[in-house]
K.L.:
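Here you go, one structure.
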Amino acid sequence: MIYLDAAATSAVRREVLEAMWPYLTGDFGNPSSHHTVGESAARALADARATVAQWLGCRASEVTFTSGGTEADNLAIKGIALASPRGRHIVTTPIEHEAVLESVDYLVRHHGFTVTTVTVGPDGLVDPAVFAAALRPDTTLASVMLANNEVGTVQPISELAALAHRHGIPFHTDAVQAAGWLDLDVKTLGVDALSVSGHKIGAPKGIGALYASGRLPVEPVLHGGGQERGRRSGTENVAGAVALATAARLALASRAENAARATAAREAFVAAVLAQVPDARLTGHPSSRLPGVASFVFPGTNGETVLLELERRGIVSSSGSACAAGSDDASHVLLALGVDEDLARTAVRFSWGPEVDEAALVAVAPAVADAVRTVAGLGR
Ligand code: PLP
C-alpha cells in the first residue's frame, strides 16, 4: 500500500513518540502543580514553547498551544475579531478551511460582523489588488491561508499582510498545510497570527499552536483556569506540546532539502499522470504550490469511485479535504476556482510527506490511468 493522503494526516514519527513518552508516564505532572512532578512538566512545556517559537521566529510568550489547527483558527478569528475595537468587518477568501470559514460565519450570525470574501483566480491565487480593494476602515481582521489543503496553491502572504498593515489591520494566516514545507517565520511572512497543527508533520492529532503577536489583544474562546497566559484555559497537553516541538525541530532541520526533493517528485508525478491520463487536469497553481500536493480532475469519472479503484490497486488518496469527507457536496475550493460542479465531483487529491520519493510516486501513475479508465468505462 502507498499512502498518498498526507494532507489529511501523517503517522507519528518515532523520534516524536519517544520524546513525548516520558510526559505520559513518569513525568506526567500538571504544569500548574507546585511540586517537583508538576515543575518537571512545566519545564518541558516551557522548552516546547521555546522550540515552537524558534520554528515560527517569535517570542515564546506569543505561542499558545491548542488542541489542533481547528482550535488555533477559531482562537485567531474569534479571539482577535472580538477583542478589536476597530469595527466588525472581516476579509477572507472562499477557499479557506472550514475552521476559518465557520468561525467567520459564527461572528456574522452571533456578533453582527459582515464579511468580504475576496474572489480567487482559476489557479486559486488571491489577487493583491482585489484583496486591497476589500479592506475598509472598519476591517477588524484579514485571514488568508498560506497554502490550500485541497489544491496546494501557495498565496503571496507577505504582500497581502503588508497591504492589510497599511490600514493597521491585523493579518492571520492558516499555515496548517504549509508546515514542514514552507518557511513559517512570522517576521518574514509579516503576519500577526498564524495557525499550525501537529498531525500534519508527524506529531499526534489533537495538538496545535497559534502564534499571536504580543501586541494583539486576543479574547479567549475557552474560559477557565487561565492557562496559556489567559488565552486558552485548560490543563496543558504537555506530551502533545513536546511532540509538536519535536516534530517542528525535525521539520525545521530538513525543510529546504525536503521541499526541493518533493517538488521535483511532484513535477515528475504530475507529468506522468498528465501523459498517461489524456483528459486529466491539474488543479491549483502550476508553480506556486505545495511540494507535497497534486490534485486533478478526471472528466467523465466520479472522484469517489476513482478512489475505490485506486485503493483496489494499493493506493490510498482522497477526493479533497478529509474534513469534507462523508459529504456529497462538491468541493467549495474547486467551485471557488470556477470549476463546474460536475467536474468538481471528479477530483482526486494525492498528497505525501518527505518520506515518499520520486520513483515511488511516478510508479503510481499507470495505476491512476488504469483506475480512471475503469471508472470512465463504467460510465462513472
Ligand atoms: N486548516 C487547514 C488548512 C487544514 O488542512 C486543516 C486540517 O486538515 C485544519 C486547518 C484543521 O486542523 P486540525 O485537523 O488539526 O484541527
Side-chain angles (χ1 to χ4, degrees), residues 3-12 16 52 63-79 92-106 120 124 126 143-155 157 172-182 184 189 191 193-211 221-222 232 234 237 240-241 243-245 247-248 251 283-285 289-295 317-327 331-334 336-337 347 349-353:
Y3 180 78
L4 296 181
D5 201 13
T9 196
S10 58
V12 175
V16 169
V52 172
V63 173
T64 301
F65 287 112
T66 66
S67 64
T70 298
E71 191 193 324
D73 283 343
N74 271 258
L75 182 56
I77 303 292
K78 298 174 189 170
T92 189
T93 83
I95 62 168
E96 300 299 311
H97 188 271
E98 286 80 355
V100 167
L101 294 177
E102 293 297 321
S103 294
V104 170
D105 189 54
Y106 162 80
V120 295
V126 173
S143 180
V144 179
M145 71 202 318
L146 182 47
N148 181 262
N149 46 309
E150 293 191 32
V151 296
T153 297
V154 174
Q155 303 292 346
I157 289 301
H172 164 254
T173 193
D174 175 337
V176 168
Q177 290 293 339
W181 297 123
L182 307 183
L184 298 192
L189 291 168
V191 299
L194 177 146
S195 309
V196 288
S197 173
H199 71 105
K200 313 291 181 178
I201 58 166
K205 296 159 194 63
I207 185 72
L210 175 69
Y211 153 75
V221 170
L222 295 182
R232 196 272 186 187
N237 177 358
L244 178 63
T283 53
H285 194 277
R289 59 184 303 134
L290 285 175
V293 176
S295 44
S317 55
S318 138
S319 62
S321 148
C323 319
S327 104
S331 144
H332 72 280
V333 173
L334 293 176
L337 267 57
R349 175 189 70 183
F350 301 92
S351 56
W352 52 91

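Note that the numbering runs from 1 along the sequence shown for the chain. Being a predicted model, the structure only gives us computed values, none of them experimental. One-based numbering, in listed order, for ligands and for the atoms of each.
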K.L.:
Go through ligand 1 atom by atom and flag the ones less than 4.0 Å from a non-hydrogen atom of D73.
P.N.:
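What qualifies from ligand 1 is 1 (N), 10 (C).
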K.L.:
Residues in salt bridge (Lys or Arg N to Asp or Glu O under 4.0 Å) with R289, at least two apart?
P.N.:
none
K.L.:
Could an N or O of ligand 1 be found under 3.5 Å from any N or O of A147, whether backbone or side chain?
P.N.:
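No; every N/O pair is 3.5 Å or more apart.
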K.L.:
If we ignore hydrogens and angles and just use 3.5 Å, is the side chain of T173 paired with the main-chain N or O of V144 as donor and acceptor?
P.N.:
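Side chain of T173 to backbone of V144: a pair is present.
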K.L.:
Run the numbers for me: atoms of ligand 1, each under 4.0 Å from some heavy atom of G68, listed by number.
P.N.:
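Numbered from 1, ligand 1 contributes 15 (O).
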K.L.:
Any idea which atoms of ligand 1 are less than 4.0 Å away from a heavy-atom of M145?
P.N.:
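That gives atoms 3 (C) of ligand 1.
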K.L.:
Is the contact between E71 and ligand 1 made by the side chain, the backbone, both, or neither, using heavy atoms and a 4.0 Å cut-off?
P.N.:
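Looking at E71 and ligand 1, no heavy atom falls under 4.0 Å.
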K.L.:
Ligand 1 versus N148, non-hydrogen atoms closer than 4.0 Å: side chain, backbone, both, neither?
P.N.:
neither
K.L.:
Quick one: look at T70 and ligand 1, take heavy-atom pairs under 4.0 Å, and tell me if it's side chain, backbone, both or neither.
P.N.:
both
K.L.:
Which one of V191, L75, I77 satisfies the side-chain contact (heavy atoms from CB on, under 4.5 Å) criterion with H172?
P.N.:
I77
K.L.:
Looking just at side-chain N and O atoms, do T153 and N148 make a donor-acceptor pair shorter than 3.5 Å?
P.N.:
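The criterion, which ignores hydrogens and geometry beyond distance, is not satisfied for N148 and T153.
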K.L.:
Pick whichever of K205, H97, E98, E150 has a heavy atom sitting closest to atom 6 (C) of ligand 1.
P.N.:
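Closest candidate by heavy-atom distance is H97.
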K.L.:
Do S295 and T283 have side-chain N/O donor and acceptor atoms under 3.5 Å apart?
P.N.:
yes
K.L.:
Test side-chain contact (heavy atoms from CB on, under 4.5 Å) on Q155 and I95 and set out the steps.
P.N.:
CA-CA 11 Å; Q155 303 292 346; I95 62 168; 3.7 Å; yes
K.L.:
Considering all heavy atoms of both residues, which atom of H332 and which atom of E96 are nearest to each other, and what is their separation?
P.N.:
NE2-O, 2.9 Å
K.L.:
Under a 4.0 angstrom heavy-atom cut-off, which atoms of ligand 1 come close to H199?
P.N.:
13 (P), 14 (O), 15 (O)
K.L.:
Does ligand 1 have any atom that is closer than 4.0 Å to a heavy atom of K200?
P.N.:
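Within the 4.0 Å threshold, so yes.
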K.L.:
Are any side-chain N or O atoms of S317 and backbone N or O atoms of L4, one a donor and one an acceptor, separated by less than 3.5 Å?
P.N.:
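Looks like no, no N/O pair under 3.5 Å.
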K.L.:
Just jot down the ligand 1 atoms closer than 4.0 angstrom to any heavy atom of S197, in number order.
P.N.:
13 (P), 15 (O)
